[in-house]
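In what follows, a structure is listed as structure tokens, so that the remarks can point back to it.
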Amino acid sequence: MLRPASLLIAGLAAAPAAAQTPDPATLDRITVSARRDSVASERPEAVSLLAAEAVARVAATHASELLARVPGAWISRGSGQEQLTAIRSPVLTGTGACGAFLFLEDGVPIRPAGFCNVNQLFELNTEQAGAVEVLRGPGAAVHGSNALHGVVNVRPRAPAETPARAFSVEAGPARHRRGQFTLADADGAAHWRIDGYGVSAGSFRADEGFDQQKLSVQLAVPDSSGGWRWLLSAANLNQETAGFVTGEGAYRDARRRRNENPEAFRDGRAVRLQGRAEWWLGDDASFAFVPYARRDDLRFIQHFTPGKPLERTGSRSLGAQAMWRHDGAWRRQWGVDVEFARGEVWQFQPRALTDSTPLQNAIRPAGVHYDYAVDATNLALFGEVERALSARATLFAGARAERLRYRYDNRAADGNLRADGTPCGFGGCLYNRPADRDDAFGNLSAQLGLRHALDARWSASGRVARAFRFPQAAELYRLQRGQDVADLRAETLDGVELGLHRAGAFALDLSAYAYAKRNVILRDAQGFNLSDGRTRHRGIEADWRWAFADGWRLAGNAAYAVQRYAFDRAIAGGETIVRGNEVDTAPRTLGGLRLGHDHARFGDVELEWQHLGGYWLDAANTQRYGGHDLLHLRWSRGLGGAWRVSLRAMNLTDRRYAERADLAFGQFRYFPGAGRSLFAAVEYRPAL
């Protein structure tokens, strides 16, 4: 679905049009809130900005390393480039849990609203981004479905941004090899930029590694009234996957190097094309239009499932965003989003299951488990007004109405039957294929916010907001056992946020929030998909930056949150949720601290401390992972001329830790973290 984030819904300054004509090749700094020309200090939402300088300094090999600098965010690393996301939330798992987060590229969602994937962050070129912006909490009125717990927008560098030419190579442990290049020209009538990235990496674990390539191509043609800009993005991943290591404490000893699923793999591709145009309609009005097309394909083995079926999924989509804006005493913006998508799922078990229990062997037959296509149409209308109440206070109000319609086509035998239409033993097969059907969902999101400047440096903000996410197609149609229809409702999140902010050499952002989430979608003990769960989320966050002496900097982020179940339910996996228990995989504390110094002779050095607090492994709150603390050291220095070298020592103390811990079916499971790792890179930036 379309969510014209900041870039589109451009808040245009009140100066004359001739002085304010936008240049699509040199777009100003944006935020994922609701206006392109606004920075976080002008909006009521809690927004974190990781600028190009931070992206380059971190030089992340996985998005988790970069987003660890965002308060309240945890990108839990799995095998290779796999990940699960948490933003003011627990790490969410399950078929459609990824729908709680909205991922954007330059303001456009990278997936249709009903076809998320938990690992979709690896499709974005975060490694060469001009900025990564994270809205923590429910999205603004412009975002719509999936902007439930947070929004992540990855913006590529514009053609005029530095560097215009750059080439780099990097080497590290376990056959890690990485290369990047940039070519750009913003001097002619048409401005263009190409950013390319490639990596091949092994692992300290057996039979684990990946090859990945990403490409971003931009072309901008500015004119006196605005102009067009085009962005083509592509990503490819070929991964040899390692599953959990099992057994209590397995991440601490030699078991951490094992790969209990050497046959596992993950191959994914994504291609996206978007255009962007802005036109001035007068001294105080503008119109923005963004058409786009997307395609994604994923193929992998479900190594975590008995029978290890092969799964293929993919989606194709077309859409457009349109937004009008008018400035004046009341700043108004309103728009329409429309999208058409088709998603497909095919799951096939090549051989009969023989090494499990008689029940599992019988209900998981060889052959096709699912084979279906879903056509989706998404339409949304939104509007926001902004009013200065005084020289220091500004009021914001916005709302969005959205409707999503699915048309589901089952291409295999209906019911929980074998692929040939015969029944399984023990009362039926596990996998149930509903008959063809149509489903439609509609919902509203809204927010009311206030920003007030207390003096030249201090300001306060507050907002109340409602966000939602529609049921994902997989939650509706990948059913089990006797469930023929999943009668699901959209998940909703309502809450209040308060913020206190300071600008200057010592910059500080404090925020507190309280949310109630309803209609949480889950799978119960019978294997049925239901939407009657409730959770509550309370937290406080801090983000600070301090330039305390010439060349010295200190920055940090911290979050404390308590997230609890607000219902009782027996769920899949033999667990029981009890009202008042803490949600599993939800650390109370997250944070980090970074001390850096930039010296003309010795270069730039930064020491980072990264903290992940302990968390419960199960809904019953009986077993815990104790958390961990890591130290990283980064250094870079120019060699004179166009050359620069850099070193990164990750996990400096060689800590044994788990990227993520889990307890399922009475078994401890972990993704073990890598030990001390040293990376060295050389970059060449020729003078132009």
Margin query: For R299 and E311: C-alpha separation, side-chain torsions, deciding distance, then whether salt bridge (Lys or Arg N to Asp or Glu O under 4.0 Å) applies.
Written below: CA-CA 6 Å; R299 179 174 176 267; E311 179 178 323; over 6 Å; no
Next item on the list: May I have the step-by-step check of side chain to side chain donor-acceptor pair (under 3.5 Å) for Q347 and Q302, ending in yes or no?
Entry: CA-CA 9 Å; Q347 180 177 314; Q302 293 183 12; 3.1 Å; yes
Notebook entry, point to check: Does the salt bridge (Lys or Arg N to Asp or Glu O under 4.0 Å) test come out yes or no for R312 and E344, once each step is laid out?
Noted result: CA-CA 8 Å; R312 290 203 307 254; E344 296 181 297; over 6 Å; no
Note to self: Let's go through S79 and E208 carefully: what are the C-alpha distance in whole Å and the side-chain angles of both, what is the deciding distance for side chain to side chain donor-acceptor pair (under 3.5 Å) to 0.1 Å, and is it a yes or a no?
What the structure shows: CA-CA 8 Å; S79 177; E208 182 184 43; 2.6 Å; yes
Next item on the list: Dump the intermediate steps for side chain to side chain donor-acceptor pair (under 3.5 Å) on E608 and H632, then the final yes or no.
Entry: CA-CA 5 Å; E608 179 182 22; H632 309 309; 4.8 Å; no
Check: What's the verdict on side chain to side chain donor-acceptor pair (under 3.5 Å) for T246 and E260, showing C-alpha distance, side-chain angles and the deciding distance?
Finding: CA-CA 9 Å; T246 57; E260 299 176 17; 3.0 Å; yes
Next item on the list: Could you walk me through whether E606 and R594 pass the salt bridge (Lys or Arg N to Asp or Glu O under 4.0 Å) test, one step at a time?
Entry: CA-CA 7 Å; E606 181 181 86; R594 299 168 293 279; 5.1 Å; no
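In this pair, F103 and F101 present their aromatic rings tilted. The plane angle is within the 30 to 60° band. Ring geometry for Y515 versus H537: interplanar angle of 30 to 60°, hence tilted. Relative orientation of the Y625 and Y251 rings is perpendicular, given thresholds of 30° and 60° on the angle between their planes.
Salt bridge R588/E582: present, at least one basic N to carboxylate O contact under 4.0 Å. For the pair E65 and R77, the salt-bridge criterion is met [side-chain N within less than 4.0 Å of a carboxylate O]. Salt-bridge annotation for R523 and E475: absent, with no side-chain N of the basic residue lying under 4.0 Å from a carboxylate O of the acidic one.
Without hydrogens or angle criteria, H176 side chain to A171 main chain gives no donor-acceptor distance under 3.5 Å. Using modelled atom types, no side-chain atom of N236 and backbone atom of Q212 make a donor-acceptor pair closer than 3.5 Å. Under a 3.5 Å cut-off, the side chain of Q128 and the backbone N or O of N125 do not form any donor-acceptor pair. Under a 3.5 Å cut-off, the side chain of D584 and the backbone N or O of D618 do not form any donor-acceptor pair. Looking only at distances, no side-chain donor or acceptor of R660 sits under 3.5 Å from a matching main-chain atom of S76. Distance alone, capped at 3.5 Å, is enough to place a donor-acceptor pair between the N432 side chain and the Q483 backbone. Between the side chain of Q349 and the main chain of R364, a donor-acceptor pair closer than 3.5 Å is present. For the pair S89 (side chain) and I87 (backbone), a donor-acceptor distance under 3.5 Å is present. Formation of a donor-acceptor pair under 3.5 Å by the S677 side chain with backbone atoms of G675 is found in this model. Side chain of Y615 to main chain of A661: a donor-acceptor pair is present (N/O by atom type, distance under 3.5 Å, no hydrogens or angles).
Using a 4.5 Å cut-off on side-chain heavy atoms (C-beta onward), R655 and R676 make no contact. At least one side-chain heavy atom of R136 sits less than 4.5 Å from a side-chain heavy atom of V70. When side chains are defined from C-beta on, E133 does not count as touching S48, because their heavy atoms never get closer than 4.5 Å. The closest side-chain heavy-atom distance from F567 to I577 is below 4.5 Å. Under the 4.5 Å side-chain criterion, counting only non-hydrogen atoms from C-beta, N153 is not in contact with V132. Side-chain atoms of N557 and D543, non-hydrogen and from C-beta on, do get closer than 4.5 Å to each other. Counting heavy atoms from C-beta on, the side chains of R205 and R258 never come closer than 4.5 Å.
For the residue pair A412 and V368, the shortest heavy atom distance occurs at CB-CG1, 4.4 Å. What you find for A264 and I301 is that their closest heavy atoms are CA-CB, 4.5 Å. Minimum heavy-atom separation, A366 to A352: CB-N, 3.6 Å. Residues G243 and N259 come closest through the heavy atom pair N-OD1, 3.8 Å.
The residue from R178, K214, Q180 that alone fulfils the side chain to side chain donor-acceptor pair (under 3.5 Å) condition with E127 is K214.
Taken from CG in D662 to OH in Y670, the straight-line distance is 9.5 Å, to the nearest 0.5 Å. With values rounded to the nearest 0.5 angstrom, L663 atom CG is found 5.5 Å from F668 atom CZ. Within the model, atoms CZ of R57 and CG of L66 stand 12.0 Å from one another, a figure rounded to the nearest 0.5 Å. Interatomic distance, E491 CD to S531 OG, rounded to the nearest 0.5 Å: 8.5 Å. Atom CG of N361 is separated from atom OG of S356 by 5.5 Å, given to the nearest 0.5 angstrom. Note that CG of N119 and CD of Q81 are 9.5 Å apart. Values are rounded to the nearest 0.5 Å.
The cationic group of R648 lies under 6.0 Å from the six-membered ring centre of F679 and within 45° of the ring axis, placing it in a cation-pi geometry.
Around CZ of R534, the count of heavy atoms belonging to other residues, nucleotides or ligands within 6.0 Å does not exceed 12. Heavy atoms from other residues, nucleotides or ligands lying under 6.0 Å from CZ of R536 number 12 at most.
Contacts of T589 classified as side chain to side chain donor-acceptor pair (under 3.5 Å), with partners at least two apart in sequence or in another chain: H611. Partners of H303 according to the ring pair (Phe, Tyr, Trp, His ring centres under 6.0 Å) rule, which considers only residues two or more places apart in sequence or in another chain, do not exist here. For E659, the side chain to side chain donor-acceptor pair (under 3.5 Å) partners are Y657, not counting sequence neighbours. With sequence neighbours excluded, no residue forms a ring pair (Phe, Tyr, Trp, His ring centres under 6.0 Å) with F210. Partners of N581 by side chain to side chain donor-acceptor pair (under 3.5 Å), not counting sequence neighbours: none found.
Listed by first and then second residue, the side-chain hydrogen bond (donor to acceptor under 3.5 Å, both in side chains) pairs that reach into residues 263-272 are E82-R266, E105-R272, N238-D267, E263-K308, sequence neighbours excluded.
The six-membered or imidazole ring of F300 lies away from that of F265, with a centre-to-centre distance of 6.0 Å or more.
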